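Note that the structure is predicted; figures quoted are calculated from it, not measured. Chain letters run A, B, ... following the sequence lines, proteins first, then strands; residues in each count from 1.
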Amino acid sequence: MLGSSLREAAAALRLGQVSATELCQSCLSFVKETSFLNAYITVTEEVALKQAAEADKRFSQGKPLGLLDGIPFAIKDNFSTQGIQTTCASHMLKGYIPPYNATVVQKLFNHGAVLMGKTNHDEFGMGSGSTDSIFGPVKNPWSYSKTYKEKRFAGHNDADWLITGGSSGGSAAAVSAGTCYVALGSDTGGSTRNPACHCGVVGLKPTYGLVSRHGLIPLVNSMDVPGIITRCVDDAATALGVLAGHDPYDSTTFQNPFEPFKLPETIDLSKLCIGIPKEYHAPGMSAEILSLWTKVADMFEDAGAKVIAVSLPHTPYSIVCYHVLCTSEVASNMARFDGLQYGHRSDVEDSTEAMYAATRREGFNDVVRGRILSGNFFLLKQNYEQYFLKAQKVRRLIADDFVKVFESGVHVLLTPTTLGDAAPYLEFIQEDNRTRSAQEDVFTQCANMAGGTSNLKGNSQREVEQSPKRGLQRTALRGQQQQQQPPCVVTGYEMTGVRLSFCAFRNLEICARLIQKQHLFRCATFDSHCRHLSNLGQQRMPVSGRFAMHSCPAITLHSGSICVNPVRFKSKSQKKGKKGSSQSDEDEDEDDPEGASDYEDEPVEDPNIPKDYKDLEKAVQSFRYDVILSAGLDIARNKVEEAFYSDLLRLNGEKLWKKSRAVKVGDSLDLIVQQDKETETTTVMRVILKNVFEDKTSTEKYKVTLRRWKLLKLAKQDGLK
Amino acid sequence: MLFNKFICHVYPASPAFLVPRLRRLWERAFAGCPAPSRSHSWKSVVGLEIHAQINSESKLFSSSRVQFAAPPNSTVSFFDASLPGTLPVINRRCIEAAVMTGLALNCAINKKSHFDRKHYFYADLPAGYQITQQRLPIAVNGKLTYCYQVGNKWSDIVTKCVRIKQVQLEQDSGKSLHDDTRHQTLIDLNRAGVGLVEIVMEPDMSCGEEAAAAVRELQLILQALGTSLANMAEGQMRVDANISVHRPGQPLGVRTEVKNLNSARFLAKAIDYEIQRQIKILENGGTILNETRSFDYKLGSTIAMRDKEGKQDYRFMPEPNLPPLVLYDSNSSPPANLDPEQVVNIDLIKESLPELPSVIRERLVDQYGILPEHSYTLVNEDGLQDYFQTVVKLAQIHPKKIIGWLIQDLLGHLRSHNLTVKQSPIKATSLAELLTLLENGDISSSTAKQVFQELCNGGKETPTQIVKEKNLWLLKDLMQVEEICQGIIDGHKEEVAAIRRGNLKVINKLIGLVQKNTKGKSDPVLVKKILEKKIL
């Protein structure tokens, strides 16, 4: 039941196959089982059981409130919930209990939905990995899929789990893990679509103004939209039907009445014109995404749709302008957190100003403070015209780009969501939040920039993202939990990976059709292995579904042909996936030029542990350990400093007492990632200075060769004092 | 201090008047405020920013009630307390009030205006910013005409005009209450979010007297419109003044801002003090700091306020939660699908504007034949106009006769007892009754004054009752009056002789004696006739 779609669950509730309380309890127990994912900040068991009991009462009276009655849902912890702590994943609001419900929450309650809890995310929604929360990072449920673990570490290592994307990572993980049927996120620059993509679920960013923001603790008022995360497109449409519409508490919602709609069963693609914006062919896009993008476009074309290249010429400027506008509004919106009325208040009482400063320093993390600072800079009188006003003008041009394209007859744009797959946590955190946000939001924030402007009169824009890794999730987790060895079935599902976003600015009908196009994903549900097996061929198609089966079977592809792995498994893994777990270690870094050859002089204690290294040629400015370390690990200077202060650095196995020491060839530098007291082992990231080239580069830097070990498990006695 | 003379009677009993045909004469006759310095070499420039609380049921962006003197924090919504996630929803009444104000001040109304955020940290500003209209306000480019008296004489009146830069809607802040003994600051958010109309005037004034008169005229306009109660003592109208001095022909000097002036009298005092202070500093070779000062009414001087971390950069930003405010008029019809509740029509508001003070004054002059300066008093004195009209209606006597009683007797009494017209111990009906008795010849004018005093002292009876009770009826028995006169003549041989020698003035003394004898109940005209007959 937990793996089914919302509609199926609703039908089961109506038929009495399951009661709302049973459904709620099984979801709650599954929330507990998957608590290691860190998807939830607050689990609202009491509320949920009470609501489920009420739903059962209504079912027994034969008067359910609607499709959502009795359906478990979760919401991001930046939506206000009456009587339930709402933290924004920040110290600033830890313990804050709002006295009112956000409009979207109230609407779901009014339709009988059952609240499982509040989900984790980046502090105040600022981030794209769900890694910057005071409650710790969210782990992608797919990290625990049998196959992934087998691929990566032969099932032993827990450290290299994948991020969920963000900021609404907790919501995506909650849906992906099967702990609820629908979750709400918020989308400012891609915060719903990005994690949905990385977690293999459907993420919908409704048009700005279609769904009320009242009660959503704002990040950027002019771009925030409550987002919907579900397992299939039908469910997203159902949820949108409940949530959309004018709200007297939000002056920016459309006044026109909203009619909930149901997706049609079939759709005629031949009347559809699909635009491929060429500017989205951005540097840094992974080859698999690119080939998929092409492939899907081809499928549309084969199915009779008109696919044309279009241009959104101002797209490259979007991310920069987004940064200016975003930080400016952040600076303004965060001004209310002064510790006086609610939230954290510092003990410093020297003066009101000192109290403000201390409260805000203690309450916000670096990312939030950084954005507040830069936002205030952009808003200064002498900078306003140069930055804010300019960014606004460019924003207008970006919106106009979209309008022009849609006026030219294009109904839908087909774009990727992200540049690549979900990254492993340890890799992801090697860049700071700002860099990551800029990378991750590059495709998604344009829609927020355009959607925020009001000239898209009454038209509906929504984006649907999908990454049909679903189906695996539940079984994989079960497999892990129950120590079963699920049959190689699992590998079959893991293959897909269409991370594409559809933006439709036109009318509702077209939107409905669009969603319909992804209707297939309804098939890729969770109920049983058998079903998956039997339908394998169809489910793998990013564009097929019933429509495809009926009208153009030609595009039904064999599973292998569009196989792209969702996570870090590059081309080889496809083959491997099919073979299950038999293969193991040495495939990781394809871009390692030398391959797995010379290990001999490396201090590897245990020949069985996975080897994960890379030789790098770098230019460094000196032979100080921190320079070598940061060059080898590609981590920021301040991270090195941080590591120094938290005693996580070892030079040739010895603790460092000085902030900087000279090193020589052969020295090893370790950054401790994890220490396991039971097994007395330590996981480190190691850099070894292998070689120094004689001649300096033109920029007065030394050219060196570094050997970088991503993860090295060392016995405790190995000199790590 | 130089201007005390003027300051002392900001609203003298006989203030200015304003009639179009005479305006030019006065304007020619008077140049305005006297030069601010003996040396006549300094020019002072005064500009005002006036905040008027909108008289509305609920706040500008929330539905909590607006109520003066409610228990602390009892009228605070989630939005007013800036709980995260709350959004502003604008109050239609406040928009209409701002449009009315703009129209009454001859402004151009912007059919599309924007809201901005003005950021600063202060404990009684819970959001960390105030929603205001900085860049594109609701109304711009207006003017306000006002009059004031520059001398002691009735005719020493100047009519001036100040340009209105803009009229904007904005939120009021909460109130900080400092408990010095416990070193605490307590916040009352009742006022937070109440709608304000801010009226920004161009620096067209040059002294406190002008500023006070302009503020008074504005106050009357707002009260006539009903957009604000505009009671300065209750903080419903607050004035900030920007003041600078410079030599004629040279660029404007550095200005200071005097804040939180809560009466017109203090406004005038503060401005004039500040002008003198600046002149003194400059004449001694000093420089003026661009600072904010407050007025200490006990010392009668302005004091530099503790500077809130130097010069503020308010980091203005468009308010993203409010779409542009769009107004319509007869030429621009709203989109068909728009709820009529959402439409504010400028032309409809224009048609329904009530009579403004300047129009009322002209009407009073035309309708009642009173002097223009009297119309000024009637309108400017809160409630006096209604009082006057009631008396006129009930007493059926010439309004000119009533004016004297109102302005000299009634206002004189009220002023000396620090009362407003509404608090007057004599109701309009009583005065009308009294004046009717006088007009009908039932009592003498001195009796009338006597009864008036009695009423002022809190007499509960009606004038007729008092007259009856004390038997103050005019003596109409000719024989009796003649008898009394004869008695006086017989008792004052010397005076009679003097009169007979030709010193006719002495007869007045005899009249007075008769009056005294009759306790004022005799008709002086009659008494004079009898005395003349008997003596001459």
Side-chain angles (χ1 to χ4, degrees), chain A residues 78-80 86 88 92-93 96 98-100 102-103 124 209 212-218 220-224 247-252 255-256 325 328-329 331-338 340-343 349 352-353 355-356 375-384 388 392 452 454 458, chain B residues 61-63 73 76-90 115-131 135 174 176 178 183-187 189 192 308-309 311-325 335 337-339 341-342:
Chain A
N78 61 354
F79 285 94
S80 301
T86 299
C88 276
M92 189 54 97
L93 283 180
Y96 166 65
Y100 73 104
T103 300
F124 281 105
S212 166
R213 293 180 292 116
H214 175 248
L216 165 62
I217 298 178
V220 183
N221 308 91
S222 66
M223 298 187 208
D224 289 342
D247 178 10
Y249 290 111
D250 180 354
S251 310
T252 60
Q255 308 238 354
N256 303 6
L325 298 175
S328 301
E329 283 196 37
S332 173
N333 286 330
M334 296 295 141
R336 68 185 57 206
F337 300 108
D338 55 12
L340 285 184
Q341 331 234 3
Y342 45 78
E349 283 184 339
T352 314
E353 283 76 19
M355 195 272 286
Y356 284 155
N376 276 327
F377 174 81
F378 296 136
L379 288 178
L380 284 178
K381 208 172 174 186
Q382 73 264 29
N383 295 337
Y384 181 82
F388 190 89
Q392 272 197 319
S454 52
Chain B
F61 295 120
S62 75
S63 55
N73 293 315
V76 183
S77 70
F78 300 150
F79 175 80
D80 304 326
S82 293
L83 292 194
T86 52
L87 300 169
V89 180
I90 197 162
F115 288 92
D116 298 292
R117 289 179 179 181
K118 174 181 179 179
H119 298 90
Y120 60 95
F121 281 106
Y122 206 71
D124 54 26
L125 186 75
Y129 57 80
Q130 176 197 35
I131 302 179
R135 293 184 173 100
S176 299
H178 300 284
H183 299 287
Q184 277 182 331
T185 300
L186 302 165
I187 311 289
L189 291 180
K308 296 178 205 161
E309 74 244 27
K311 229 179 159 186
Q312 292 258 5
D313 187 326
Y314 291 119
R315 290 163 283 127
F316 282 100
M317 185 191 94
E319 166 59 59
N321 291 323
L322 289 167
L325 173 59
N337 59 350
L338 197 59
D339 183 353
E341 282 287 296
Q342 304 284 322

Kindly check if the number of other-residue, nucleotide or ligand heavy atoms within 6.0 Å of CD (B:Gln184) is above 12? yes

Closest heavy-atom pair and its distance - B:Ala123, A:Tyr356: N-OH, 3.1 Å

When rounded to the nearest 0.5 Å, the distance separating CG of B:Leu87 from CG of A:Asp247 is 8.0 Å

If you count the non-hydrogen atoms of other residues, nucleotides and ligands that lie under 6.0 Å from OH in A:Tyr249, is the total more than 12? no

Considering only heavy atoms, which portion of B:Glu319 lies under 4.5 Å from any heavy atom of chain A: side chain, backbone, both, or neither? neither

Does the ring of A:Phe388 carry B:Arg117 above it, NZ/CZ under 6.0 angstrom from centre and within 45° of its axis? no

Chain B contact via A:Ser332 - which portion, at a heavy-atom distance below 4.5 Å: both

Note: vs chain A, highest number of non-hydrogen pairs under 4.5 angstrom among B:Pro318, B:Ser63, B:Pro88 is B:Pro318

Could you tell me the separation between the OG1 atom of B:Thr86 and the CD1 atom of A:Ile217, rounded to the nearest 0.5 Å? 9.5 Å

Before giving the answer on side-chain contact (heavy atoms from CB on, under 4.5 Å), spell out for A:Gln341 and B:Leu189 the whole-Å C-alpha distance, their side-chain angles and the decisive distance to 0.1 Å. CA-CA 11 Å; A:Gln341 331 234 3; B:Leu189 291 180; 3.4 Å; yes

Which answer fits A:Phe378, side chain, backbone, both or neither, if we ask what part of it has an atom under 4.5 Å from a heavy atom of chain B? neither

Taking side chain as everything from C-beta outward and backbone as N, CA, C, O, which of these in B:Tyr314 sits under 4.5 Å from a heavy atom of chain A? Side chain, backbone, both or neither. neither

Give, as side chain, backbone, both or neither, the part of A:Pro248 having an atom under 4.5 angstrom from any heavy atom of chain B. backbone

Using every non-hydrogen atom in the two residues, find where B:Pro84 and A:Ser80 come nearest and quote the distance to one decimal. O-OG, 3.7 Å

Validation row: B:Phe121, A:Thr352 side chains within 4.5 angstrom (heavy atoms): no

Please flag which part of A:Glu329 lies under 4.5 Å from any non-hydrogen atom of chain B: side chain, backbone, both or neither. both

A:Asp224, part contacting chain B, at a heavy-atom distance under 4.5 Å: neither

By a 4.5 Å heavy-atom criterion (distance strictly below it), what part of A:Asp338 contacts chain B: side chain, backbone, both, or neither? side chain

Please look at A:Asn383 and chain B and tell me whether the side chain, the backbone, both or neither of the residue comes under 4.5 angstrom of a heavy atom of that chain. neither

Under 4.5 Å heavy-atom distance to chain B, tell me which part of A:Leu216 shows up: side chain, backbone, both or neither. backbone

Under 4.5 Å from a heavy atom of chain A, the part of B:Ile187 involved: neither

Chain B interface, residue from A:Gly215, A:Ser328, A:Cys88 that has the most non-hydrogen pairs under 4.5 Å: A:Gly215

Residue, of B:Gly128, B:Pro320, B:Ala81, that accumulates the most heavy atom pairs under 4.5 Å with chain A: B:Pro320

Between A:Pro218 and B:Gly85, the two heavy atoms sitting closest are CD-N, 3.8 Å

So does B:Ser82 get a backbone contact from the side chain of A:Tyr342, meaning a donor-acceptor N/O pair under 3.5 Å? yes

Using 0.5 Å steps for rounding, measure from the CD atom of A:Gln382 to the CG atom of B:Asp313. 6.5 Å

Leading residue by heavy atom contact count with chain B [cutoff under 4.5 Å; candidates A:Gln392, A:Glu349, A:Lys381]: A:Lys381

Evaluate the side-chain proximity of B:Pro323 to A:Ser251: yes if any heavy-atom separation is below 4.5 Å, no if none is. yes

Would B:Tyr129 and A:Arg336 satisfy side chain to side chain donor-acceptor pair (under 3.5 Å), going step by step from the backbone distance to the final call? CA-CA 8 Å; B:Tyr129 57 80; A:Arg336 68 185 57 206; 2.8 Å; yes

Give, as side chain, backbone, both or neither, the part of A:Phe337 having an atom under 4.5 angstrom from any heavy atom of chain B. side chain

